[in-house]
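The structure appears right after this line, and notes come after that.
Because the structure is a prediction, the values reported are computed rather than measured.
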Amino acid sequence: MPELPEVETVVRQIAPRVEGRTIRSLDLRWARTLSGGSRATIERALVGARIRRGHRRAKWIVFELGGERGALLVHLRMTGRLFVRGPKEASSDYLRLSLGLSRGERLDFEDVRKFGRVHWCRDTDEVFGALGPEPLSDELTVDALYARLTSRRRMLKPLLLDQTVIAGLGNIYVDETLFASGLHPMQTSDRLTRDDVARIHDNVRRILRRAIECQGSSFDVFYRTPEGQPGRFQDEFLAYGRDGRPCRRCGTELVKLTIAQRGTHVCPTCQPKPRRRRASKKRSARRAPAR
DNA sequence: AGCTACTCCTGGTAGC
DNA sequence: TGCTACCAGGAGTAGC
């Protein structure tokens with residue numbers, strides 16, 4: 001499923017092919033794919049707009065239209081894909097939305113499971129205002145991450161998946177990061193040491209950079225780059241999808257847990273489950289007296 | 001505040 | 001072969 005490295009790969013291939021083009025038409029095949037206003041409102045904003053720039057924020061693909069035209073945001077969710085096609089190239093049965101562009105080409109959004117969204121907004125802050133920092137930005141220092149993680153008391157797995165805490169990670173890269181950092185996904189964030197956070201910080205950046213170099217991960221039929229190539233990072237997975245197989249570091253059989261409704265892959269040796277916090281005396285004392 | 005459950009969707013697959 | 005049941009999951013929401 002597309003996470004930051006996969007979305008980055010898509011943007012790098014699509015943006016140069018649509019920047020400078022003018023949108024001529026909107027063809028909507030699945031109504032719920034389009035959000036951010038009525039179809040008529042969005043169509044008015046889009047048709048005639050020039051795509052000034054394409055870039056990525058978190059897992060969103062952003063097409064800046066400029067001024068009152070706003071921006072068109074694409075979220076691939078599970079199975080969404082983008083293609084730039086010429087007049088003679090056919091779309092698949094999974095076409096959900098298509099933008100006709102100048103020079104006869106079109107930007108197709110296809111999505112088997114229909115979870116993906118094409119969202120129009122006048123101001124991207126409407127959507128991005130709540131997002132946490134980009135994991136690869138200079139803004140995300142060890143200190144900044146330490147503050148963000150330890151100011152809450154949550155399990156690491158759902159915390160790192162939370163886009164308002166840090167933006168762009170999904171199930172795969174969280175599992176890989178926690179494995180590389182030797183941390184159990186159920187550990188609570190308020191007990192992280194500075195050294196723990198430094199490892200998370202270094203590992204998440206190293207893993208994301210490497211995954212981008214590999215053009216992302218493709219482990220089932222879904223994710224492909226817009227040029228049709230599979231990513232290569234799945235060959236380097238140390239945790240994700242490796243349950244039942246030996247840990248590449250210590251040989252222990254990896255296990256699969258469900259945490260926060262997500263399949264979660266863990267090495268029981270490299271990522272020891274934290275001991276439960278002992279109840280403090282105060283709390284025990286308060287709880288103890290039975291009338 | 002943070003947890004779980006549920007929703008949206010469909011293709012793939014396990015089991016019979 | 002053909003059927004059913006279940007699984008994958010990003011993000012939003014409801015309820016506790």
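Summarising the geometry, the separation between CG on A:Leu169 and P on C:dG10 is reported as 11 Å, rounded to the nearest angstrom. Computed from coordinates, the A:Lys114 NZ to B:dT7 P distance equals 18 Å when rounded to whole Å. The distance between atom CG of A:Leu159 and atom P of B:dA1, rounded to the nearest whole Å, is 14 Å. We find that CD1 of A:Ile259 is positioned 17 Å from C1' of C:dG10, with the value rounded to whole Å. Taking atom OH of residue A:Tyr173 and atom C1' of nucleotide C:dG10, one finds them 15 Å apart after rounding to whole Å. In this structure, the NE2 atom of A:His75 is 6 Å from the C1' atom of C:dG10, given to the nearest Å. Put simply, CG on A:Asp190 is 11 Å from P on B:dC3, counting in whole angstrom units. A straight line from NZ of A:Lys256 to P of C:dC7 spans 10 Å, rounded to a whole angstrom.
Looking only at side-chain heavy atoms (C-beta outward), A:Leu178 and A:Gln187 stay at 4.5 Å or farther from each other. Between A:Arg245 and A:Glu253 the shortest side-chain heavy-atom distance does not fall below 4.5 Å. Residues A:Glu6 and A:Tyr173 have side chains in contact (heavy-atom distance under 4.5 Å, counting atoms from C-beta outward).
Looking at heavy-atom distances under 4.0 Å, A:Gln261 makes contact with a base. Contacts of A:Arg154 with the nucleic acid, taken as non-hydrogen atoms under 4.0 Å apart, involve only primed sugar atoms and P, OP1 or OP2. Residue A:Tyr240 is classed as a sugar-phosphate contact, given heavy-atom separations below 4.0 Å to backbone atoms only. Contacts of A:Trp30 with the nucleic acid, taken as non-hydrogen atoms under 4.0 Å apart, involve only primed sugar atoms and P, OP1 or OP2.
The C1' atoms of five pairs define one axis at each end of the helix from B:dG2-C:dC16 to B:dC16-C:dG2, and these two axes lie 50° apart (to 10°).
Scanning atom types as modelled, no donor and acceptor separated by under 3.5 angstrom connect the side chain of A:Arg153 and the base of B:dG2.
Between A:Arg262 and C:dG10, a side-chain N or O to OP1/OP2 separation shorter than 4.0 Å is present. The side chain of A:Tyr94 contributes an N or O atom lying less than 4.0 Å from OP1 or OP2 of B:dG11. The side chain of A:Gln163 contributes an N or O atom lying less than 4.0 Å from OP1 or OP2 of C:dA11.
Few gaps surround CG on A:Asp123; more than 12 heavy atoms of other groups in view lie less than 6.0 Å from it. Counting non-hydrogen atoms of other residues, nucleotides and ligands closer than 6.0 Å to CZ of A:Arg57 gives a total above 12. Open room surrounds CG on A:Asp138; 12 or fewer heavy atoms of other groups in view lie less than 6.0 Å from it.
Each of B:dG11, B:dC9, B:dG2 was ranked by its minimum atom distance to the side chain of A:Arg152; first place goes to B:dG2.
Two residues, A:Ser151 and A:Arg32, neighbour DNA chain B, and the one matched to the more 5' nucleotide by heavy-atom proximity is A:Ser151.
Partner of A:Arg242 under the side chain to side chain contact (heavy atoms under 4.5 Å, CB included) criterion, out of A:Val255, A:Leu254, A:Val266: A:Leu254 alone.
Ion pair A:Glu19/A:Arg53 not flagged as a salt bridge, since none of the NZ, NE, NH1 or NH2 atoms sits closer than 4.0 Å to an Asp/Glu carboxylate oxygen.
C:dA11 has no base stacking with the ring of A:Phe115 when judged by centroids under 5.5 angstrom apart and an interplanar angle below 30°.
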